[in-house]
Amino acid sequence: ARARTLEDILKDKGVITAEDYAEATRNPALAYYQPGKGMTIETADGNYKAQIGGYAQLIYRYSDYDDSARNNKSDFDIRRFKIQLKGHLVNRKFGYKFQGEMAGGFKTEDAYLNYKFGAPLVLQGGQFKPPQARQELTSASRQLFPDRSLANDTFNFGRDQGIQIAGSFKHKLLQYRVGVFNGNGPNISNPDNHLMYNGRIDINPLGSFKMNEAGFPPQKALLNLGASFSYNTVTGDDVGSNFDKDNDVLDKALNLDAMTKAEFTTAYGKDLKVQVMTANINYKWSALTMAGEYYAMNADPEIGEDWDADGYYLQAGYQVLPQTLEVGVRYAAIDSDSKTATRQVSAEFDKSETQVGVNYYFNKHLAKLQTDLTFVQDDLKNNGDDVVFRMQAQFYY
Amino acid sequence: ARARTLEDILKDKGVITAEDYAEATRNPALAYYQPGKGMTIETADGNYKAQIGGYAQLIYRYSDYDDSARNNKSDFDIRRFKIQLKGHLVNRKFGYKFQGEMAGGFKTEDAYLNYKFGAPLVLQGGQFKPPQARQELTSASRQLFPDRSLANDTFNFGRDQGIQIAGSFKHKLLQYRVGVFNGNGPNISNPDNHLMYNGRIDINPLGSFKMNEAGFPPQKALLNLGASFSYNTVTGDDVGSNFDKDNDVLDKALNLDAMTKAEFTTAYGKDLKVQVMTANINYKWSALTMAGEYYAMNADPEIGEDWDADGYYLQAGYQVLPQTLEVGVRYAAIDSDSKTATRQVSAEFDKSETQVGVNYYFNKHLAKLQTDLTFVQDDLKNNGDDVVFRMQAQFYY
Amino acid sequence: ARARTLEDILKDKGVITAEDYAEATRNPALAYYQPGKGMTIETADGNYKAQIGGYAQLIYRYSDYDDSARNNKSDFDIRRFKIQLKGHLVNRKFGYKFQGEMAGGFKTEDAYLNYKFGAPLVLQGGQFKPPQARQELTSASRQLFPDRSLANDTFNFGRDQGIQIAGSFKHKLLQYRVGVFNGNGPNISNPDNHLMYNGRIDINPLGSFKMNEAGFPPQKALLNLGASFSYNTVTGDDVGSNFDKDNDVLDKALNLDAMTKAEFTTAYGKDLKVQVMTANINYKWSALTMAGEYYAMNADPEIGEDWDADGYYLQAGYQVLPQTLEVGVRYAAIDSDSKTATRQVSAEFDKSETQVGVNYYFNKHLAKLQTDLTFVQDDLKNNGDDVVFRMQAQFYY
C-alpha cells in the first residue's frame, strides 16, 4: 500500500480538520499522466496546458491471393504509431493539436489551432479532416474492426488544409461543421485558386453520441443520423503527384495519380467537378452497436458525360463478455458506372468485402487486440477473390 | 478561485510562521509548464533539466500573378510547426538543443551541444545557424512580418554543421561568434575537405538587445550595430543535390542546384570562392522599432572574372495599441551584376519587394495574428510584378 | 542551499514525528527527470508510466583516402539523435518502446509492445532488433569505440518486424530469445510469405552481465558466453529496394541492393538460403573489458554452389583514470570466398581495420567524448588503405 501523505498524517493528528483536508487536496496536480492523453502539464491558473501522448497499432496479416501468379504474403507491420501534442494556451479558448504518424517515417497529420467562442461556434484553421463521412471522422483507434471499411477507404477525403466553423446545440442534439479547404490532401500546396467546400450535420435524438464504433455496456440507447456533402473542382494541375494520396476520392475513386495533365485534359477538358454525398445511421444499446453508411459520388467533366460511383457498409458488433470480448460482422461494397472504353483513364470498380472479427479488450481502446477475416469479391477481375487474416494490437501510451 | 494549499492552511492556523511559509514555498516545482518553452522537468539539484515545446505558424496566401499564363493561387498551408527539446545535463554548463520542423514531414534543424566556460566563452558543436545576418539569426517567430525579407532569403546560409565559440562582454555591450562549418547546409555531409569560416560581432551601446523585431512598450531605447563575414570554397562536388537548399547563398544567390559538376567546371574551373558580408543597424524605442541590413556577396571563380551581388532591407514597425496592434512597412531589394551571356549558369536577379503589414498580439509572440500585402517588382522578367496577400496565425505550445 | 520543505519544517517544529516524516516523504514524485531516461510521469497507482528522452552523438571525421583520385574529407555530422518514448500501461506487465532516429530526417527504429508473464517469458511484437550478435544488440550509446566494428557492420540484421519470446533463468545466469521476422529489415513490408527465424542464448556464469562495452571500476569480474543463429530465405522479390539497408547481411554481405530480380534469378535461381551464426566471449574486471566475437555466413542458392563469408573482432579497453579516461584497441576483419567470375553479382571482400581510441567520461554514458584512429587494409582494392580520425560527443537528454 502507498504511504500516507502529509495531508493524511496532519488530518489523523487533528492538526487540520476534515474540511481543511478536503480543501488542501482539492487542487489537482499540475503534472500528471492521463491514460489516453499521456503526459500532461498545466499552469496553476489553468490557462496553459500541454499533453504528449499517442497510440500505436501493430499488425500481422496473412494474405491468401486468389491469383496464383501472386505470392501469398505473411507480413508483420507497424500499422500506425501516432504522436499527439495538444492542449490550450493563453486561455482555455485557444486550443491546438498536432498529430504525426511515425510508422515508417514521419508524416504530419493534424496541425491546427481553434478558438472556442462557445459551444455553438468553434473556429478552426490548419490541417485536419474536413467534414465528411462519419467512419472517416471516427478515430482509427475507435473502429469496430482493425481498420475502416472498403467503402470508406474509397470515398474519403482524408485530411486537408483549410478553415472551418463547427458547433453544437441543445447538449449535442444537433451538431454541424462547414469549411473550405485546398482540396488536394494534406501537406501539399494548392496549385490553383479552386477550393473544396465541405459540410456535415449530425442529429443525436437520444443525446450526445461520441464517434466510437465499439459498445461497452452498460450504456443507454443512442442514435445518430448524419449526412455530409462536398464539392470540389479538379483541374489538370491537381493530378499525378500534385495531390496527397490520403485523399482517397482523388486517389482511388477517381484514380488521378495514374494520370498526366495532358491525359486529364484530353479526357475531361478544363476541369472535373466532383460531388460526394454521405449519409449514415448509427445505433448503440447496451452491448450492441450497429452502423450503416452510404457514399455517393458524381464526377462531371467539362467535356463528355458525367458518371456516378457509390458504396456502403453495414456492420454490427456485440460484446459477448461486457467490456472484454466483442464479435463483429461487416459487409461493404463499392461500384462505379464508368466501365466504358472511352473512360479508361478513370477508376473502374465493382467489389465487395465480407468481414467477421473478434476483439479482446484489456482496457477499452487503451489496450486491445483485434482480429478479423476478410473475404474479397472483385467482379471486374478474374482471380480477385482474396482472403486476408489480420491480428492487430493497439495501445495508447 | 483556487482552494488554499496545505501551506496556506497551516499558516492561517498559526502552525507555521510567515517565515516558515516563505521557506516552504520557496522551492520551485520540479515539473511545470513554462509559456514559450513548454513542458519542463528538472532534478532537485538543478543539474538536469529538459523542456519540450515549440511553435507553429499556420498561413493563408492569395497570390495574384502578373503573368496571365499562371494560375492565381489560393493556398492554406502549415508554414512552420517546430518541436524543440532543450535543457542542460550533468551540470548547468552543458546545454543542448534539438529543433525539428514537422510541417509536411520532418526536417532536423538544430541539433547541438554546448559548454559554457563563462559568459565570454561558450563552445558549441553540432548543427545550428552559423554566424551571419541578424535577420536570419532572429527566430522566425520574432519577425515584424509573417516571414523574413527578400534580401535575407537570398543571402543567408541557413543552418550548417560545425563548431563555434561565442561570448559576450560588459553585460552584452559586445558580443561575438566565430566558427567553422561544412559549408553546404544542414543534414548533408561534406564531400571534400573545404570548410566555411564565419564570424559576427554585435555592439549594443544602450544595453542588451535581444533578437526580436517587434517592439512592446514600455521599453527603453536600444541600439544594435552588427556585422558578419563569411568565406566559403565551393567546388564541383558541392553542386546539384550535394548541398541543402536551406543555404540560400548556394541555392538562390549562386543557383548551384541547377548545375551539374561538368557545368560547374566548365564555367568556373576548380573552385569558386564566395565571400558574404553583412552589416545592420537596429533601433527600438517604446512602440517604435526600426531595422536596416545590407548584404554583399563576391563570387570569385578559378577561371573568368569575379562578380558581385547585393541586397538590403529597411523596415519600421509601430505599436498603435501597445502590446496589441502593430503596423509595419518594409522595402527590400536584391541585385546581381552577373547579367552577361558568359555567366548564364549563375543566378541573375534585379528585384524588389514593398510590404505593408498589420499584427495583432493576443500575448506577444506566444499567440499572434500577422497579415501583410507584398508588391513585387521584378526588373528581369516581363509580367513579374506579382501581388501577394498573407495572413498567418502563430502560437507557442 | 535549497530551502527546507514543509515536511522538514513540521518535523523540526515537532508537529510530526520522525516516523511521520519518513512516511510522508516515502511516496515518490509522480513527475520527475531520470538521467538516461528523461522526462517521466506516472500514475499514483504505478499502472501507467511514460518517459521521453533519448541520446545524441555529434561527430567530426577526417578521412585520408589512399586513392589519390578521391577528395579527402573533413566532415561535421549529426551521427545519431534518438528520441525514445517508453513506459508501461494498464499494469506493469504491458511495456512499450518507441525509438526514432532524427539525424537528418526521421526514421522509425524500435516500435514494440511486450507482455511480461514473468522473468522466464516475455512476449514481444512489433519492430526491434532480432536475436543476433552481441555487439549489434548492445546500444550504440554503450560501445567502447565511437561506433561498432567492421565485422558487425557487415553481418548484422539491424532491426526487423516480427514477434519473439525471451526470458532469463537463475538471476540471468541463462538468457534466451527466439523469434520470427519479415526478414527484409525495418519499415518495409514482406513481399512474400518467407520469414526469417532467429535465436540467441547467453550464459553469464559470474552473474548478470549487461550489454555495455565500457568498464567502470569498481566492478566485480563478469563473463558472458553467447551464440546466435539465424535462417532466412531470400527471393528475387526481396532484392533492389525491397529491403531496408539497415539489414547489413542483405545490403553488405550479400550486396542485394545492387541486383535486379532478373539478375537474382539468373545467378541464384528461385531463392537463396542464408544462415548466419555468431559466437562471442566478453569479460570485464575492474577497469578492464575484453570482447571477441565471430560471425559466419553461408549462402546457398537454388542453382550453383553455396559460398561462405566470415568476420570477427577482438577488442580491449582499460580505464586508466577510473570512471574518467579509457583507452581501447580493436582489430576486426571480414573475408568472403565468393571471389570468382561466376559470382560477380555477390559481395566480395577481404578487409581489416585496426583501431586505437581514447574515451573521456563526464558522467559514464550520459556525457562522454570518444576519439579514435582507424587504419583500413583492403586487400581487394589498390589504394584502399585509408586512415580515418573520429571525435564524437555523446549525451543523454
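- Within the 6.0 Å centre-distance limit, the rings of Y96(B) and F395(C) are counted as a close aromatic pair.
- For the pair Y48(B)/L366(C), a side-chain contact is recorded, criterion being any heavy-atom separation below 4.5 Å from C-beta on.
- Using a 4.5 Å cut-off between heavy atoms, S63(C) does not touch chain B at all.
- Looking at heavy atoms from C-beta onward, T17(B) lies in side-chain contact with K13(C) at the 4.5 angstrom threshold.
- Between I163(B) and F76(C) there is a side-chain heavy-atom pair separated by less than 4.5 Å.
- Y397(C) touches chain B through backbone and side chain together, each having a heavy atom under 4.5 Å away.
- With N193(B) contributing its side chain and S74(C) its backbone, the two residues share no donor-acceptor pair below 3.5 Å.
- Of the residues considered (L195(B), N47(B), I188(B), N91(B)), L195(B) shows the highest number of contacts with chain C, using heavy-atom pairs under 4.5 Å.
- Each of V90(B), N190(B), I16(B), I52(B) has some count of heavy-atom pairs under 4.5 Å with chain C, and the biggest count is that of N190(B).
- Note: I78(C) leads I78(C), I41(C), N363(C), I59(C) in heavy-atom pairs under 4.5 Å with chain B.
- Only the backbone of T40(B) comes within less than 4.5 Å of a heavy atom in chain C; its side chain stays farther off.
- Taken from OG1 in T5(C) to CZ in R26(B), the straight-line distance is 12.5 Å, to the nearest 0.5 Å.
- Residue contact with chain B, scored on non-hydrogen atoms closer than 4.5 Å, involves the side chain of A393(C) exclusively.
- When heavy atoms are compared at a cutoff of 4.5 Å, Y62(C) approaches chain B solely by way of its side chain, counted from C-beta outward.
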Practice task
Start with the C-alpha gap between R4(C) and D20(B), add the side-chain angles, then the distance that decides, and say whether side chain to side chain contact (heavy atoms under 4.5 Å, CB included) holds.
Solution key: CA-CA 9 Å; R4(C) 288 184 301 164; D20(B) 292 335; 3.7 Å; yes

Handout entry: side chain to side chain contact (heavy atoms under 4.5 Å, CB included) between L85(B) and M102(C), worked out
Key = CA-CA 12 Å; L85(B) 309 169; M102(C) 307 190 295; 4.1 Å; yes

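- By number of non-hydrogen pairs under 4.5 angstrom with chain C, the leading residue of Y112(B), F94(B), F106(B) is F106(B).
- Among A31(B), P191(B), G87(B), the residue with the largest count of heavy-atom pairs under 4.5 Å with chain C is P191(B).
- Remark: M39(C) CE to E42(B) CD distance equals 10.5 Å, nearest 0.5 Å.
- For the pair D75(C) and Q161(B), the minimum side-chain heavy-atom distance is 4.5 Å or more.
- If you measure heavy-atom distances from A103(C) to chain B, the contacts under 4.5 Å come from the backbone alone.
- Considering only heavy atoms from C-beta on, S189(B) stays 4.5 Å or farther from R61(C) through its side chain.
- Within the 4.5 Å cutoff, the side chain of L6(C) has heavy atoms near those of the L10(B) side chain.
- Using a 4.5 Å cut-off between heavy atoms, D237(B) touches chain C through its side chain atoms alone.
- With a 6.0 Å radius and a threshold of 12 heavy atoms from other residues, nucleotides or ligands, K116(B) has its NZ atom above the threshold.
- Atom NZ of residue K93(B) and atom CZ of residue F362(C) lie 11.5 Å apart, to the nearest 0.5 angstrom.
- The two residues A24(B) and I9(C) come nearest to each other via the heavy atoms CB-CD1, 3.8 Å.
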